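Working notes, structure below.
FYI, the numbering just counts along the sequence from 1. Everything numeric here is computed off the predicted structure, so don't read it as measured data. Counting starts at 1 for both ligands and their atoms, following the listed order.
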Amino acid sequence: MSTINRYEELVGKNTIDELRMLSGYLEGKVIQHINSTAMGGGVAEILQRIVPLMQELGVNAQWDVIKGNRDFFEVTKAMHNALHGKKVNITGKMWDIFDEVSRENLREMNLYGDIMFVHDPQPVALIGRRNKMKGSKWIWRCHVDVSSPDKKVWNFLEGFANKYDAAVFSSPHFAHRMKTRQALISPSIDPFSDKNRELSQNEIDTVLNKYKIDPQAKPIVCQISRYDALKDPVGVIQAYRLVKKYVDCQLLLVGNRAADDPESDRIYQQVIEAAGGDPDIHALLVEDIPYEINAFQRVSKVIIQKSIREGFALTVSEALWKAKPVVASAVGGIPLQITHKYSGLLCHSIEGAAFYIKQLLNAPEYAAKLGAKGHEHIRQNFLLTRHLREHMLLFLSLYHKGYVVTFGQAKR
Ligand code: UDP
């Protein structure tokens, strides 16, 4: 059965009929998504699912990736950290590197969309091609938590973003006064992907054997995230140590590398040092194999997302979809997914995280209740079908003034 038809059981026939109708209005339009990595991180995860589903609906959606060297990605990671509010000194040389690689991409990339859908800061300068693409519409999709960004970096980016027809953010907290109009569209997960589908016990066992993890030995507390300081893996270890004084458990940290994130090896080393050889801490640096992540989430008793800043955290939706109790920081897009003490637990510190992890390990019925509510919340709000609908409405709004999903100081 096609993916879109399978969705009917989850979200109802009307939703699917509406998607088919909206996609009909986009006939003849090419949507070209552009980002900075084909693998690793939430943006690639979303594009891997949303592009094929749009194609299945008959929309000509495509996805291309900019080229960048290590220096460029060092600069864009520094910008990323600065947007998340970290004190970072972007030197003149760093701005030059950004400029130089942006120009190379402008020269060499095949840009062909009627609607250009550009994700995050790395490719933002592609808007420089706009004048040569008559009639094209441009959307800048910011996946970053820009609630309190470094002013200099934000102003630099805004200079580009304001030339787009619309800027899209994941949470109302990220809105800024901008000259272009803004839309609020949260990310989503695909329940039928290898990351989220039901797994057989045999599949789960294969993964556990591969990594020598025994979920029967001690309850597993788990965080799945790129090794990035903003995901605070060392803070997770500290929280685990506090829990461990009261409840015997094992900690599973799982992270991959993203092509546009040069920091993961350094942060992974910090994690290994912080783990200090504790045999109950499994810190895995893994390849991108979605069903393995799925298995880790399914065998965990509690899932943590102790981010310091967070654009959205797909990992939270993924865990809640599997009806897992989640303890997560109240930052960025996480409170959209978790209502405290209803569909999960929100924390503000290492001690707070530890307190709630301990509580959940001690109260499995309460944990199951939170997980069940969380699952339903994701079904209603964060599946790919809702995301697709909002994308298509946004596309159509670019051709028909009068508007559906704006907020902030939009200039019409
Ligand atoms: N992920 C993965 N393997 C890993 C770590 C993360 O496949 O080792 C996935 C994770 O399941 C999620 C995405 O990468 O789908 C991360 O998205 P999120 O929004 O949580 O964070 P980001 O990395 O974009 O900051």
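Within the structure, the closest approach of Ala313 to ligand 1 falls below 4.0 Å when heavy atoms are considered.
For atom 9 (C) of ligand 1, the closest non-hydrogen atom on the protein side is Lys195 NZ, 3.5 Å. Scanning all protein heavy atoms for the shortest distance to atom 23 (O) of ligand 1 gives Arg226 NE, 2.8 Å.
For ligand 1, the atoms closer than 4.0 angstrom to any heavy atom of Gly255 are 8 (O). Close contacts of ligand 1 with Glu318, meaning ligand atoms under 4.0 Å from a residue heavy atom, involve 10 (C), 11 (O), 12 (C), 15 (O). Atom numbering of ligand 1 starts at 1 in the shown order; those under 4.0 Å from a heavy atom of Val286 are 8 (O). Heavy-atom contacts of Ile293 reach the following atoms of ligand 1: 2 (C), 3 (N), 4 (C), 7 (O), 8 (O), 11 (O) (cutoff under 4.0 Å).
The number of heavy-atom neighbours closer than 6.0 Å to OH of Tyr246, taken from other residues, nucleotides and ligands shown, is 12 or below. No more than 12 heavy atoms of other residues, nucleotides or ligands shown are found within 6.0 angstrom of CZ on Arg103.
Note: Gln250 CD to Leu252 CG = 7.5 Å, rounded to the nearest 0.5 Å. The structure places CD1 of Ile303 at 10.0 Å from CD of Gln223, a figure rounded to the nearest 0.5 Å.
Using a 4.0 Å cut-off between charged nitrogen and carboxylate oxygen, Arg130 and Asp165 count as a salt-bridge pair. Using a 4.0 Å cut-off between charged nitrogen and carboxylate oxygen, Arg386 and Glu390 count as a salt-bridge pair. A salt bridge links Asp261 and Lys77; the closest N-O separation between the charged side-chain nitrogens and carboxylate oxygens is under 4.0 Å.
Considering both main-chain and side-chain atoms, Leu314 comes within under 3.5 Å of ligand 1 through a nitrogen or oxygen pair. For ligand 1, none of its N or O atoms has an N or O atom of Gln297 under 3.5 Å away. Considering both main-chain and side-chain atoms, Gly42 comes within under 3.5 Å of ligand 1 through a nitrogen or oxygen pair. Between Lys231 and ligand 1, at least one N/O pair is under 3.5 Å apart.
Looking at Val144, Ile46, Ile224 and measuring to atom 6 (C) of ligand 1, the nearest heavy atom belongs to Ile224. Among Asp288, Leu285, Ile189, Asn256, the residue whose heavy atom sits closest to atom 4 (C) of ligand 1 is Asn256.
In this structure, His377 has its ring center closer than 6.0 angstrom to the ring center of Phe382. The ring of Phe117 has its center no closer than 6.0 angstrom to the ring center of Trp138.
With a 4.0 Å cut-off on non-hydrogen atoms, His143 does not touch ligand 1 at all.
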